[in-house]
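All remarks here apply to the structure that follows.
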Protein chains: 4
Amino acid sequence: MPRLQEKRAEETKAAIVAAAKQLFGEKGYEAVTMREIAKEAGCSHTTIYIYFKDKETLLHHLSVPPLEELRGRMETAASEPGASAVERMQKLSRVFIEFCLGNRGLYGIFFGVNSERVDTASPSSEINRLRLGLFNLLRRTLGEALGLPDGERLLACSRIYFYQIHGIAATYSHSKESADALMERLTPTFDEAVAVLMLGFNALQSNKEVGKQ
Amino acid sequence: MPRLQEKRAEETKAAIVAAAKQLFGEKGYEAVTMREIAKEAGCSHTTIYIYFKDKETLLHHLSVPPLEELRGRMETAASEPGASAVERMQKLSRVFIEFCLGNRGLYGIFFGVNSERVDTASPSSEINRLRLGLFNLLRRTLGEALGLPDGERLLACSRIYFYQIHGIAATYSHSKESADALMERLTPTFDEAVAVLMLGFNALQSNKEVGKQ
Amino acid sequence: MPRLQEKRAEETKAAIVAAAKQLFGEKGYEAVTMREIAKEAGCSHTTIYIYFKDKETLLHHLSVPPLEELRGRMETAASEPGASAVERMQKLSRVFIEFCLGNRGLYGIFFGVNSERVDTASPSSEINRLRLGLFNLLRRTLGEALGLPDGERLLACSRIYFYQIHGIAATYSHSKESADALMERLTPTFDEAVAVLMLGFNALQSNKEVGKQ
Amino acid sequence: MPRLQEKRAEETKAAIVAAAKQLFGEKGYEAVTMREIAKEAGCSHTTIYIYFKDKETLLHHLSVPPLEELRGRMETAASEPGASAVERMQKLSRVFIEFCLGNRGLYGIFFGVNSERVDTASPSSEINRLRLGLFNLLRRTLGEALGLPDGERLLACSRIYFYQIHGIAATYSHSKESADALMERLTPTFDEAVAVLMLGFNALQSNKEVGKQ
DNA sequence: CATGAATGAGGGTTCATTCAT
DNA sequence: AATGAATGAACCCTCATTCAT
């Protein structure tokens with residue numbers, strides 16, 4: 001009954017993942033060394049290679065579950081019943097922002113980086129797939145909220161919307177304040193940002209329709 | 001006649017700065033080596049150490065002038081006569097975005113960075129001062145455009161505005177497309193983003209005023 | 001009933017030896033890892049250490065049987081009835097060459113080696129013994145083929161003969177072609193090499209006898 | 001006048017080359033580490049990278065000059081006036097063998113290895129070119145000595161000849177005796193080997209001609 | 001002023017080997 | 001008997017930096 005050993009192994013792996021997550025988050029992918037991660041995880045640096053083929057693989061194993069959880073939470077927020085369009089978008093945005101602030105530096109890895117590796121390998125492309133999925137979810141939800149069909153118009157609005165929440169995350173992703181503190185302090189601002197955008201989108205819409213007449 | 005030597009020295013220093021600016025801009029701080037900079041500048045890598053204590057110092061000496069130039073250009077844009085409020089903000093934003101995309105790697109340094117080093121050294125704080133200056137310029141201009149007095153209200157709007165343009169810069173700061181190509185392709189979107197925000201701000205204003213009545 | 005266990009153990013050991021033999025043969029000693037051997041043998045890499053103190057020991061335990069088999073086959077070839085002297089030597093050589101090419105990496109270990117380790121351990125000396133045995137077999141057979149008594153003369157001829165077949169083996173021991181392919185393509189050349197040597201030995205003999213007269 | 005520095009640099013480089021030559025020779029390419037070489041050369045291991053891009057480059061820079069010198073010496077031997085065919089071949093062979101024994105382990109690198117890298121890069125291919133050049137020189141000289149035209153016949157003879165001298169080199173390339181000692185002790189045998197081959201080639205020739213009649 | 005030479009610290013990764021189960 | 005977990009030593013290589021000229 002090698003249960004005990006198995007458990008130990010999973011603990012080690014978890015410790016590695018946790019350490020890597022924290023360090024990547026704090027200092028960025030490149031700046032973190034395998035040895036640092038190992039020390040933080042309380043094991044030898046070679047042990048990491050038992051569980052992860054290399055540094056990049058570690059990163060990706062680290063990135064996928066959180067991103068999938070984020071997707072789940074965003075989907076929930078997007079389909080919340082009995083909420084106005086604006087409220088839904090605000091919830092969606094809060095979920096996204098909170099995730100980014102809770103994962104700090106990792107965030108930079110998810111949404112920055114790697115333009116040059118998009119095409120190369122599979123691990124990276126899985127992240128890209130997830131990224132794209134998030135963006136599509138955003139677009140769909142925004143389309144419903146604005147009553148816009150798929151198309152250039154909606155795409156442009158989605159981009160603008162994405163810039164906004166991406167900008168929020170980016171702005172605070174290096175702050176020393178905790179995610180909780182930031183959320184508490186700034187949620188009104190974030191909500192207002194969403195409200196402003198929605199108002200603006202609608203106003204633009206009206207203008208154009210008026211223009212058409 | 002030490003004039004000649006002095007001049008030569010100035011030239012060398014300028015070459016180093018230019019090379020570093022370009023390379024940091026293209027590839028980011030970490031990815032550039034001192035030897036690369038030296039080769040691009042046409043001197044030995046040891047020469048760099050004559051003018052700059054170390055790599056980081058070089059970076060900071062390098063960051064200030066572009067940021068100051070940016071400030072200048074933004075100020076010009078902000079005070080352009082005979083332009084509507086929206087147009088002024090759009091110009092301002094384009095200047096900012098173009099700068100960020102044209103300086104890629106540098107951009108990450110100006111607006112990302114270094115929570116842990118903000119307090120350490122002085123050069124960093126100069127960057128912070130400049131950063132703050134830019135934000136104030138933005139706020140002032142936006143205040144004028146919206147007819148808002150200084151205060152919480154304007155601050156919130158400025159933040160939201162900043163998120164937007166920061167998000168734009170962040171989104172494309174890792175793209176492989178050239179700054180020019182990106183600007184050509186996306187300027188309409190960027191302008192629209194500004195327009196949407198302005199519409200939204202105004203709409204919010206009206207709502208509130210209506211609410212007050 | 002420890003019989004069953006013992007049998008299982010024998011099987012495992014045999015599997016390890018077989019795997020190691022194949023892999024060392026294919027890729028050479030250094031290029032093969034213990035884990036590779038274990039995987040090929042269908043056991044854990046730690047199991048290997050139950051049967052063999054370390055990698056080197058495994059190598060030596062591995063080397064002896066093939067060499068003994070080679071000796072057996074060479075003896076058979078040497079005493080083939082109803083064959084001319086030249087044919088016997090050709091057969092003998094083919095057996096040797098085929099063995100070397102079929103065992104590639106191993107070959108280098110048998111005949112290359114390790115000047116610095118010859119004296120260290122005993123296992124090596126067993127290999128040396130076998131090596132010597134092979135050489136003696138060669139000499140004896142050649143002596144019969146040439147009608148030469150033991151002595152300096154025969155020794156010199158044997159050496160020359162050995163250089164030839166050793167050279168053949170060495171030449172192709174790094175080729176990527178399979179042993180079979182090489183044998184098919186080059187057997188005529190190898191046979192001719194032997195024929196040339198035998199003709200040469202005989203001619204030399206005649207010359208000397210003529211000289212004596 | 002940086003002459004002094006230049007001189008120092010060349011000394012260092014020479015020391016590295018010498019150390020690498022010795023160590024590669026003693027222990028083989030793979031078994032030698034850059035740090036070992038550096039220690040032997042009396043410098044830091046990073047210094048090696050100033051002069052040589054990487055380990056393989058070092059090897060090749062190390063291999064080419066000796067091989068070219070060998071070629072020169074073999075050409076001289078091949079064209080020695082007033083020598084019989086056999087004598088010329090003997091001289092040629094002695095030069096080759098002496099070189100191999102004098103360069104021990106390096107020899108294994110020149111004439112063993114790297115079938116798999118023949119196609120990859122340039123450095124390796126330069127060695128291959130040299131190797132081929134030597135073989136062609138051998139073939140040409142042997143053709144003249146035997147009065148054979150270019151063709152399959154000569155090619156087969158050349159191969160057999162090459163096996164012989166390659167076998168000699170291989171046989172003693174791991175011996176602990178010095179090159180000089182070996183040459184002194186075994187030159188008669190080597191010469192005889194050549195003589196036997198030449199006799200054999202000629203005899204074979206006669207046989208065939210007789211057969212044709 | 002400017003440079004080539006030289007280095008130490010450290011990067012990711014591999015591997016034979018040991019330990020606890 | 002057999003295994004998975006874990007490790008330390010070592011490998012090749014890079015880089016910012018210093019020293020002597």
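Chain letters run A, B, ... following the sequence lines, proteins first, then strands; residues in each count from 1. A quick note: this is a predicted structure, and the numbers were derived from the prediction, not measured. The figures here come from the full heavy-atom set of this structure, side chains too, leaving out hydrogens, waters and symmetry mates.
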### Query
Atom NZ of A/K39 and atom CZ of A/R35: how far apart are they, to the nearest 0.5 Å?
11.0 Å
### Query
Rounded to the nearest 0.5 Å, what separation is found between the CD1 atom of A/I37 and the CE atom of A/M34?
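Reported to 0.5 Å precision, the distance equals 5.5 Å.
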Tell me the interatomic distance from [X], atom [atom1], to [N], atom [atom2], rounded to whole angstroms.
{"X": "D/K7", "N": "E/dA5", "atom1": "NZ", "atom2": "P", "value": "16 Å"}
{"X": "C/I48", "N": "F/dG4", "atom1": "CD1", "atom2": "C1'", "value": "14 Å"}
{"X": "D/K39", "N": "E/dT7", "atom1": "NZ", "atom2": "P", "value": "14 Å"}
{"X": "A/E10", "N": "F/dA6", "atom1": "CD", "atom2": "C1'", "value": "17 Å"}
{"X": "A/R8", "N": "F/dG4", "atom1": "CZ", "atom2": "C1'", "value": "13 Å"}
{"X": "D/I50", "N": "F/dC13", "atom1": "CD1", "atom2": "P", "value": "15 Å"}

### Message
My validator wants the stems of DNA chain F: runs of 3 or more consecutive Watson-Crick or G-U pairs, both distances under 3.5 Å, written as range with range.
### Response
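Stems (3+ consecutive pairs) listed as E:2-21 with F:2-21.
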### Message
So, does A/T12 get its side chain near the phosphate of F/dA6, meaning an N or O under 4.0 Å from OP1 or OP2?
### Response
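Answer is yes, contact under 4.0 Å.
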### Query
Think D/T47 has a side-chain N or O under 4.0 angstrom from the OP1 or OP2 of E/dT7?
yes
### DNA chain E: 5'-proximal contact among B/S44 and D/S44 (nearest heavy atom)
B/S44
#### Entry: Given DNA chain E, 5'-ward residue of the pair D/G42 and B/Y51, judged by closest heavy atom
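Result of the comparison: B/Y51.
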### Task
Would you please name every residue forming a salt bridge (Lys or Arg N to Asp or Glu O under 4.0 Å) with C/E36, sequence neighbours left out?
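Here the qualifying residues are C/K27.
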### Query
What string of B, S and - do you get for nucleotides 14-20 of chain E, 5' to 3', if B is base contact, S is sugar-phosphate-only contact and - is no contact with any protein heavy atom under 4.0 Å?
BBBBBB-
### Task
For residues D/Y49 and D/D54, report the shortest heavy-atom separation together with the two atoms involved.
CE2-CA, 4.1 Å
What pairs of donor and acceptor atoms, side-chain ones from residues 9-25 of chain D against any protein atom, are under 3.5 angstrom apart with sequence neighbours left out?
from: D/T12; atom 1: OG1; to: D/R8; atom 2: O; distance (Å): 3.0
from: D/Q22; atom 1: NE2; to: D/E26; atom 2: OE2; distance (Å): 3.0

### Set of side-chain hydrogen bond (donor to acceptor under 3.5 Å, both in side chains) partners for C/T33, sequence neighbours left out
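By the side-chain hydrogen bond (donor to acceptor under 3.5 Å, both in side chains) rule, C/T33 matches no residue at all.
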### Query
Base, sugar-phosphate, or nothing for D/F52, non-hydrogen atoms under 4.0 angstrom?
nothing
### Message
List the residues meeting side-chain contact (heavy atoms from CB on, under 4.5 Å) with A/S44, not counting sequence neighbours, and say none if there are none.
### Response
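A/S44 satisfies side-chain contact (heavy atoms from CB on, under 4.5 Å) with A/T46, A/T47 only.
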### Query
With sequence neighbours left out, what residues match B/S173 under side-chain contact (heavy atoms from CB on, under 4.5 Å)?
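side-chain contact (heavy atoms from CB on, under 4.5 Å) check on B/S173 returns B/Y107.
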### Query
A/F52: what forms a ring pair (Phe, Tyr, Trp, His ring centres under 6.0 Å) with it, not counting sequence neighbours?
A/H61
